[in-house]
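Working notes for the structure below.
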Amino acid sequence: MARAGNTLRRSSAAPDTEIVNNYPGRYPTEDWQARYWAVTEGGDLQERTVTVQLPRGCSTACLEIEVGQSGCVHRVRRWGFACYISLLEEIGFDLTPLLSHDRERFPGGEEQELLQVMIGLTHFDLPGHFIIAGQEHPFLLFDPQGVLKGSYTRWYTYLGALAYLASDGQVQASFQRVWAEDEKLYQEAMGFLKGAFSGDLGR
């Protein structure tokens, strides 16, 4: 089950995950492709492609976009990404078959569980130690026909992820503005961090 939670928590997805679905086999799906970049524990850049199973009907409801436009993607975080929950309403998705009515797990009642189900249908942990998404390394989401329907470029850059990992979480900055306004400074900082970075810092 996807956990929304802390934006900088680690992903719960196994490194070898190829298909992401928080309710496998429990509703009709479409196979979308998430293409993105992640930073490894050793500070290396890793390109990934993972199949994300969204509810059937999403490809029709979502419009084609260009890189930099969000489309159906609400946000990217270290652990993965989230589509807009409103997408479920647009396609008329029936949540009731996924409800357990388990008061022990959901003491707040049906409303609490409904929220958890909506998050589970639209928020996905992806394999990767630290997922990034900037103009240099955009997050891209393609529908089953290969049409770009979602993207995100406003999360951590490669430099931002390295700084976070090397400082054990003390430095929390995306460095998006530095990348856009001073490429020389950005590259100098990258060189410094790559030179200082070692595997035991990638916690």
Side-chain angles (χ1 to χ4, degrees), residues 1-36 38 48-63 65 69-133 139-145 147-156 164 169 172 174:
M1 173 60 64
R3 298 171 294 128
N6 183 356
T7 59
L8 289 166
R9 68 169 174 81
R10 293 182 61 170
S11 173
S12 63
D16 59 351
T17 298
E18 296 181 356
I19 299 176
V20 180
N21 184 332
N22 294 316
Y23 296 98
R26 298 190 59 189
Y27 60 91
T29 62
E30 301 172 342
D31 287 349
W32 291 52
Q33 296 294 316
R35 300 178 190 173
Y36 60 97
R48 302 295 303 259
T49 300
V50 175
T51 296
V52 179
Q53 294 186 324
L54 290 176
R56 185 179 297 169
C58 287
S59 59
T60 302
C62 299
L63 299 176
I65 63 162
Q69 296 176 308
S70 60
C72 62
V73 173
H74 180 213
R75 61 188 179 183
V76 170
R77 294 295 182 255
R78 177 183 179 175
W79 46 264
F81 80 104
C83 287
Y84 285 98
I85 289 179
S86 59
L87 185 58
L88 300 175
E89 183 178 0
E90 290 182 40
I91 66 174
F93 189 89
D94 183 7
L95 300 168
T96 53
L98 297 179
L99 298 178
S100 67
H101 305 288
D102 186 340
R103 286 300 181 91
E104 185 174 337
R105 290 179 56 212
F106 302 100
E110 187 174 277
E111 288 187 0
Q112 181 185 6
E113 185 172 11
L114 280 169
L115 178 59
Q116 181 63 36
V117 170
M118 287 189 287
I119 290 173
L121 290 166
T122 56
H123 293 54
F124 301 94
D125 279 34
L126 298 175
H129 185 64
F130 195 119
I131 294 164
I132 62 174
F139 176 89
L140 305 174
L141 185 64
F142 297 87
D143 75 4
Q145 288 70 48
V147 179
L148 182 65
K149 296 290 182 71
S151 76
Y152 202 85
T153 59
R154 303 186 304 277
W155 179 233
Y156 274 52
Y164 178 89
Q172 298 185 17
S174 70

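These numbers come from the heavy atoms of this one structure, side chains and all, not from hydrogens, waters or symmetry mates. Model, not experiment: these values are computed from the prediction.
- Between P24 and N22, the shortest heavy-atom contact is CD-C, 3.4 Å.
- Residues satisfying the side chain to side chain donor-acceptor pair (under 3.5 Å) test with T96, not counting sequence neighbours, are D94.
- The shortest distance between side-chain heavy atoms of R75 and H123 falls below 4.5 Å.
- The structure places CD of Q33 at 11.5 Å from CD of Q145, a figure rounded to the nearest 0.5 Å.
- For the pair I131/W79, no side-chain contact is recorded, criterion being any heavy-atom separation below 4.5 Å from C-beta on.
- Among residues two or more places apart in sequence or in another chain, the side chain to side chain contact (heavy atoms under 4.5 Å, CB included) test is passed with R154 by Y152.
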Practice prompt. In sequence, state the C-alpha distance, the side-chain angles, and the governing distance for L8 and Q172, and then conclude on side-chain contact (heavy atoms from CB on, under 4.5 Å).
Written response: CA-CA 9 Å; L8 289 166; Q172 298 185 17; 3.5 Å; yes
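- For T49, there are no side chain to side chain donor-acceptor pair (under 3.5 Å) partners, not counting sequence neighbours.
- Rounded to the nearest 0.5 angstrom, L54 CG and L121 CG are separated by 9.5 Å.
- When the ring pair (Phe, Tyr, Trp, His ring centres under 6.0 Å) test is applied to Y156, the partners found at least two apart in sequence or on another chain are F130.
- Side-chain contact between V147 and F142 is absent, with no heavy atoms from C-beta onward closer than 4.5 Å.
- Taking 4.5 Å as the limit, every side-chain heavy atom of Y23 sits out of range of all side-chain heavy atoms of T29.
- Between C83 and L141, the shortest heavy-atom distance links the atoms SG-CD2, 4.1 Å.
- Not counting sequence neighbours, the partners of P144 by the side chain to side chain contact (heavy atoms under 4.5 Å, CB included) test are E30, W32, S59.
- Take F93 and apply the ring pair (Phe, Tyr, Trp, His ring centres under 6.0 Å) test, not counting sequence neighbours, and it matches Y27.
- The structure places CD of E90 at 7.0 Å from SG of C62, a figure rounded to the nearest 0.5 Å.
- Partners of A13 according to the side chain to side chain contact (heavy atoms under 4.5 Å, CB included) rule, which considers only residues two or more places apart in sequence or in another chain, are S11, T17, D125, P127.
- When all heavy atoms of V20 and F124 are compared, the pair lying nearest together is CG1-CD2, 3.5 Å.
- By the side chain to side chain donor-acceptor pair (under 3.5 Å) test, E113 is found to be paired with S100, residues two or more places apart in sequence or in another chain being considered.
- For the residue pair H74 and Y84, the shortest heavy atom distance occurs at CD2-CE2, 3.4 Å.
- P55 has its side chain within reach of L88: a pair of non-hydrogen atoms, C-beta onward, lies under 4.5 Å apart.
- Within 6.0 Å of the CD atom in E89, the count of heavy atoms belonging to other residues, nucleotides or ligands does not exceed 12.
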ask   = What's the verdict on side-chain contact (heavy atoms from CB on, under 4.5 Å) for M118 and L95, showing C-alpha distance, side-chain angles and the deciding distance?
value = CA-CA 8 Å; M118 287 189 287; L95 300 168; 3.7 Å; yes
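- Annotation: the span from K149 atom NZ to L140 atom CG amounts to 14.0 Å, rounded to 0.5 Å.
- With rounding to the nearest 0.5 Å, the separation of CD in Q53 from CG in D31 is 5.0 Å.
- For the atom pair CG of L126 and OH of Y36, the computed distance is 4.5 Å after rounding to the nearest 0.5 Å.
- By the side chain to side chain contact (heavy atoms under 4.5 Å, CB included) test, D16 pairs with A14, sequence neighbours left out.
- Closest of all the heavy-atom pairs between R78 and W155 is N-CZ2, 3.3 Å.
- Remark: S86 engages no residue in a side chain to side chain donor-acceptor pair (under 3.5 Å) (not counting sequence neighbours).
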